[in-house]
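In what follows, chains carry the letters A, B, and so on, assigned in the order in which the sequence lines appear, proteins first and then strands, with residues in each chain numbered from 1. All values below come from the heavy atoms of this structure, side chains included, with hydrogens, waters and symmetry mates left out.
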4 protein chains.
Amino acid sequence: MTTKTKTSTAKKRTSIGSRRSPDAEAAVLAAARDLISERGYAGFSVDEVARRAGAGKTTIYRWYPTKADLFIAIYTTERSASVPVPDTGNLVADLVQYTTSLWRFWAAHPAGAALRGLIAEAQGTPEALSALRDRFLPERTADVRRILTDAANRGELQAHEVDDKISLWVGFSWLKLLIGELHKEEVISPVMMQIAGLSSRPKQ
Amino acid sequence: MTTKTKTSTAKKRTSIGSRRSPDAEAAVLAAARDLISERGYAGFSVDEVARRAGAGKTTIYRWYPTKADLFIAIYTTERSASVPVPDTGNLVADLVQYTTSLWRFWAAHPAGAALRGLIAEAQGTPEALSALRDRFLPERTADVRRILTDAANRGELQAHEVDDKISLWVGFSWLKLLIGELHKEEVISPVMMQIAGLSSRPKQ
Amino acid sequence: MTTKTKTSTAKKRTSIGSRRSPDAEAAVLAAARDLISERGYAGFSVDEVARRAGAGKTTIYRWYPTKADLFIAIYTTERSASVPVPDTGNLVADLVQYTTSLWRFWAAHPAGAALRGLIAEAQGTPEALSALRDRFLPERTADVRRILTDAANRGELQAHEVDDKISLWVGFSWLKLLIGELHKEEVISPVMMQIAGLSSRPKQ
Amino acid sequence: MTTKTKTSTAKKRTSIGSRRSPDAEAAVLAAARDLISERGYAGFSVDEVARRAGAGKTTIYRWYPTKADLFIAIYTTERSASVPVPDTGNLVADLVQYTTSLWRFWAAHPAGAALRGLIAEAQGTPEALSALRDRFLPERTADVRRILTDAANRGELQAHEVDDKISLWVGFSWLKLLIGELHKEEVISPVMMQIAGLSSRPKQ
DNA sequence: TTCTAAACGAGACGGTACGTCACGTCTTTCC
DNA sequence: GGAAAGACGTGACGTACCGTCTCGTTTAGAA
């Protein structure tokens with residue numbers, strides 16, 4: 001839209017005020033991160049974020065209209081380089097490595113709590129549900145999708161199986177996140193084998 | 001005190017007041033059911049349940065100290081006979097049939113919304129988390145466990161795989177519940193095959 | 001007085017059928033006394049009295065349909081002999097002595113708190129107001145009335161002044177009770193002189 | 001990450017929130033006035049005030065942390081010009097006139113009920129007691145104090161008697177307020193004479 | 001440089017829900 | 001058959017957050 005130039009009489013002054021303050025944004029995100037990891041979903045309130053960030057509630061609502069947006073922002077700014085995508089040439093090895101990294105990341109950083117919050121929020125709010133399903137999930141499963149697609153290209157599985165395996169992998173990881181069993185890493189390896197399709201065959 | 005011969009000190013007044021009113025209990029559960037399915041997790045409040053049930057909040061808190069208890073009660077009283085456990089002698093067939101029944105049950109009855117609420121609640125409240133993980137999950141996965149154990153007895157899989165397959169199955173079903181994709185039943189069959197370990201082998 | 005007030009563990013009341021149980025009555029009054037003097041008007045509840053007395057609420061309501069009745073009962077059973085009516089033959093001396101005794105009694109015994117509660121209760125409940133004005137006040141001012149009437153008979157004041165002097169005396173004592181200044185006994189003597197009508201005359 | 005989040009010393013943003021809304025304040029006081037005079041102390045609840053005022057409970061508690069504060073506010077905003085302070089040059093006349101005005105004011109306006117509520121509240125709450133004794137009483141007896149001091153200056157009484165006479169006057173007026181006998185104005189005149197010290201002397 | 005619209009911290013506002021407490025009545029069970 | 005224990009509906013308590021709305025105060029691009 002920008003200028004508006006010729007609207008005759010009105011003569012709008014097109015320049016418009018101050019710009020989004022990076023300080024405020026950083027302070028809000030930092031406070032939100034601290035809060036979700038300190039007190040969890042139940043203790044997370046916009047009021048308290050504002051209080052800790054020394055920010056006005058209006059400022060927060062301006063940039064993050066819902067809690068879901070805030071949770072996604074926390075998750076996104078954290079994730080950057082913490083979870084590398086392995087490429088060993090072997091599907092099971094890749095999956096085990098990647099899943100282990102991710103679980104540790106969830107357990108160690110506020111992002112884990114943020115994702116739990118996002119999922120909880122999605123159970124009550126349609127907008128949050130759609131943000132989770134249509135925006136967050138596709139983006140955040142791109143890495144596993146690549147791992148699986150690469151394996152399919154190598155012939156380790158068939159292309160039409162990829163989506164279902166992603167669902168199995170997401171479901172399994174979410175389950176462990178949601179019931180607080182991220183520390184039980186010993187289950188990762190056998191389950192990844194089952195997802196990869198290498199479970200031992202029944203004795204003949 | 002008078003009589004009672006020699007158990008002098010015991011002296012308990014054993015009579016204990018009024019008993020739990022079945023009317024109130026039924027009204028509360030019915031109201032809770034209606035509310036969770038009408039307005040979802042976000043619109044679910046103890047106040048409103050009390051209002052609809054014509055019950056006092058105290059009465060609700062007496063029997064269901066937390067929302068998690070209420071959700072579990074809703075789920076439990078609903079489930080009774082709605083989800084039959086098949087026994088076709090074939091693992092994949094059993095899983096497909098059972099999962100389909102369950103998803104339809106979740107979609108059609110308040111229990112689905114109640115489970116979503118229970119999971120959401122568990123993200124913020126330690127008690128709810130423990131109720132979900134330690135009480136609800138073991139009980140509610142007994143059926144799949146039986147399906148899998150029977151299959152193991154028939155030699156369709158190995159016994160040590162049962163727990164992991166349960167996790168995969170629960171994770172997958174929860175995922176679809178949580179992101180509102182219970183209606184996409186077409187994924188059930190291929191995924192159950194993968195869980196059963198019958199995924200097509202890579203092309204030689 | 002003093003009563004037993006719940007001697008710890010032993011001593012279970014054995015209530016038996018038909019007639020009003022003196023044990024129960026005593027336990028209720030003792031509990032009520034303790035409670036009003038421990039926690040004051042705001043902390044006084046029938047529930048708590050029942051709890052402490054080991055009595056059913058129904059039992060309490062049967063004998064004391066309102067809190068006012070309970071307060072009056074506390075006051076009445078306490079007062080018995082604690083406030084002697086002096087008869088020195090001198091009005092001011094009688095008043096000073098009697099008022100001092102009464103203030104000390106109010107300060108030292110639950111009855112003081114009970115009267116405060118009764119007056120408070122009367123501000124919200126018509127029945128309590130009537131009990132206070134029409135039952136409690138006449139009975140409880142009989143002593144001062146006698147002191148004043150005797151003085152009138154001795155010629156120290158005129159008979160028609162008695163009622164007004166009673167009002168002045170009650171108002172003054174209540175005021176000190178209600179604002180918690182019973183300990184300021186030094187005002188008693190000059191004020192009783194004013195009530196008696198012996199205030200120093202203006203300098204000529 | 002780190003960010004700076006508010007470098008302490010420099011950089012103060014000096015603005016300070018929204019200001020108290022006069023509309024809300026007026027609505028709350030009006031509702032409180034109506035309620036106390038309609039339903040008395042027992043029927044007075046912050047919930048109901050909020051309901052009638054169309055205000056949030058928080059708003060009420062923000063400005064009036066306790067019921068006592070609310071009662072004092074009702075009393076204070078009402079009193080303004082309703083009770084003129086007479087100055088006839090004669091103590092008894094002044095007292096009679098002033099007391100009559102005050103009793104009529106108490107009987108006719110919500111302030112009377114508010115004072116009854118304040119006194120009742122003070123019997124259970126230490127803060128209310130202190131507000132009543134240390135804040136309300138001194139302010140609200142300033143007028144009688146002036147009447148008495150003026151009289152002392154004219155020689156109608158001695159200065160050291162003023163405080164005691166105030167107590168007598170307050171006690172007497174409160175008594176009549178508390179037992180609901182404000183309409184019996186005929187007692188005012190003789191009692192004010194006694195307070196002034198003009199009671200008939202005993203026959204010699 | 002001046003003007004002006006937007007962003008900002010602060011916080012008041014009308015609401016809803018929380019979980020607890022007390023009320024006075026009713027019900028169940030024991031003595 | 002009276003009394004304990006206590007469940008019940010009602011409704012107030014005081015608190016926490018919600019999301020919206022002023023307030024003045026920066027702040028920075030346009031004129």
Side-chain angles (χ1 to χ4, degrees), chain A residues 3 12-21 23-24 43-48 50-51 53-63 65-67, chain B residues 1-4 12-21 23-24 43-48 50 53-63 65-67, chain C residues 12-21 23-24 44-48 50-51 53-62 65-67, chain D residues 6 11-21 23-25 27 44-48 50 53-63 65-67:
Chain A
T3 59
K12 303 297 281 190
R13 196 109 143 70
T14 48
S15 120
I16 320 175
S18 217
R19 287 294 166 227
R20 178 166 182 169
S21 150
D23 282 10
F44 188 90
S45 76
V46 175
D47 273 277
E48 181 64 15
R51 217 170 289 137
K57 291 206 288 173
T58 323
T59 305
I60 298 179
Y61 281 113
R62 180 156 33 235
W63 306 121
T66 70
K67 281 188 188 177
Chain B
M1 56 167 21
T2 54
T3 65
K4 222 41 170 141
K12 295 292 276 197
R13 184 77 149 99
T14 47
S15 132
I16 309 185
S18 221
R19 284 300 165 216
R20 181 167 180 167
S21 148
D23 284 9
F44 188 89
S45 77
V46 175
D47 270 283
E48 181 64 16
K57 290 205 286 173
T58 320
T59 303
I60 299 178
Y61 281 111
R62 182 157 31 232
W63 306 121
T66 71
K67 282 188 189 176
Chain C
K12 273 297 186 175
R13 295 188 306 92
T14 59
S15 57
I16 4 129
S18 18
R19 230 184 12 82
R20 177 163 175 168
S21 148
D23 279 10
F44 188 90
S45 75
V46 175
D47 273 278
E48 181 64 17
R51 215 170 292 135
K57 292 205 287 174
T58 321
T59 306
I60 298 178
Y61 281 114
R62 181 157 30 236
T66 72
K67 281 189 189 177
Chain D
K6 279 257 126 180
K11 185 73 69 110
K12 266 310 194 187
R13 258 234 195 238
T14 48
S15 67
I16 309 190
S18 216
R19 284 302 168 212
R20 181 167 181 166
S21 148
D23 285 8
E25 182 173 8
F44 188 89
S45 77
V46 175
D47 270 282
E48 181 63 17
K57 288 206 285 173
T58 321
T59 303
I60 299 178
Y61 281 111
R62 184 161 25 238
W63 307 120
T66 70
K67 283 188 188 175

Check: Are any of D:Thr59's side-chain N or O atoms less than 4.0 Å away from OP1 or OP2 of E:dA12?
Finding: no
Next item on the list: Verify the contact: side-chain N or O of D:Lys67 to OP1 or OP2 of F:dA12, cut-off strictly under 4.0 Å; return yes or no.
Entry: no
Notebook entry, point to check: On a plain distance test, is the side chain of B:Ser18 in donor-acceptor contact with the base of E:dT28 below 3.5 Å?
Noted result: no
Note to self: I'd like to know if B:Thr58 reaches the base of E:dC21 with its side chain such that a donor and an acceptor end up less than 3.5 angstrom apart.
What the structure shows: yes
Next item on the list: State, with a plain yes or no, whether a side-chain heavy atom of A:Phe44 is found less than 4.5 Å away from one of A:Lys67.
Entry: yes
Quick one: [X] [atom1] to [N] [atom2], roughly how many Å, whole number?
X       : N      : atom1 : atom2 : value
C:Phe44 : E:dC21 : CZ    : C1'   : 16 Å
C:Arg62 : E:dG24 : CZ    : P     : 15 Å
D:Tyr61 : E:dG15 : OH    : C1'   : 15 Å
B:Trp63 : F:dA7  : CH2   : C1'   : 7 Å
B:Asp23 : E:dC26 : CG    : C1'   : 13 Å
D:Arg19 : F:dT25 : CZ    : P     : 11 Å
C:Arg51 : E:dT20 : CZ    : C1'   : 12 Å
B:Lys57 : F:dG9  : NZ    : C1'   : 13 Å

Checklist line | Nearest non-hydrogen partners of D:Ala53 and D:Ala27, listed with the distance | finding: CB-O, 3.6 Å
Checklist line | For the student: nearest non-hydrogen atoms of D:Gly56 and D:Ala50, plus distance | finding: C-CB, 4.4 Å
Please tell me which of the listed nucleotides, [options], lies nearest to the side chain of [X]?
X       : options                : value
B:Arg20 : F:dA12, E:dA7, F:dC8   : F:dC8
A:Val46 : E:dG14, F:dC18, E:dC23 : F:dC18
A:Asp47 : F:dC18, E:dC23, F:dC13 : F:dC18
D:Ala24 : F:dC18, E:dC18, E:dG14 : E:dG14

Next item on the list: Name the residue closer to the 5' end of DNA chain E, choosing between B:Gly43 and D:Gly56 according to the nucleotide with the nearest heavy atom.
Entry: D:Gly56
Checklist line | Atom pair CD/CH2 of D:Glu25 and D:Trp63 - distance to nearest 0.5 Å | finding: 8.0 Å
Note to self: Test of understanding: with side-chain contact (heavy atoms from CB on, under 4.5 Å), list the residues that count as partners of C:Ser45, not counting sequence neighbours.
What the structure shows: C:Asp47, C:Glu48
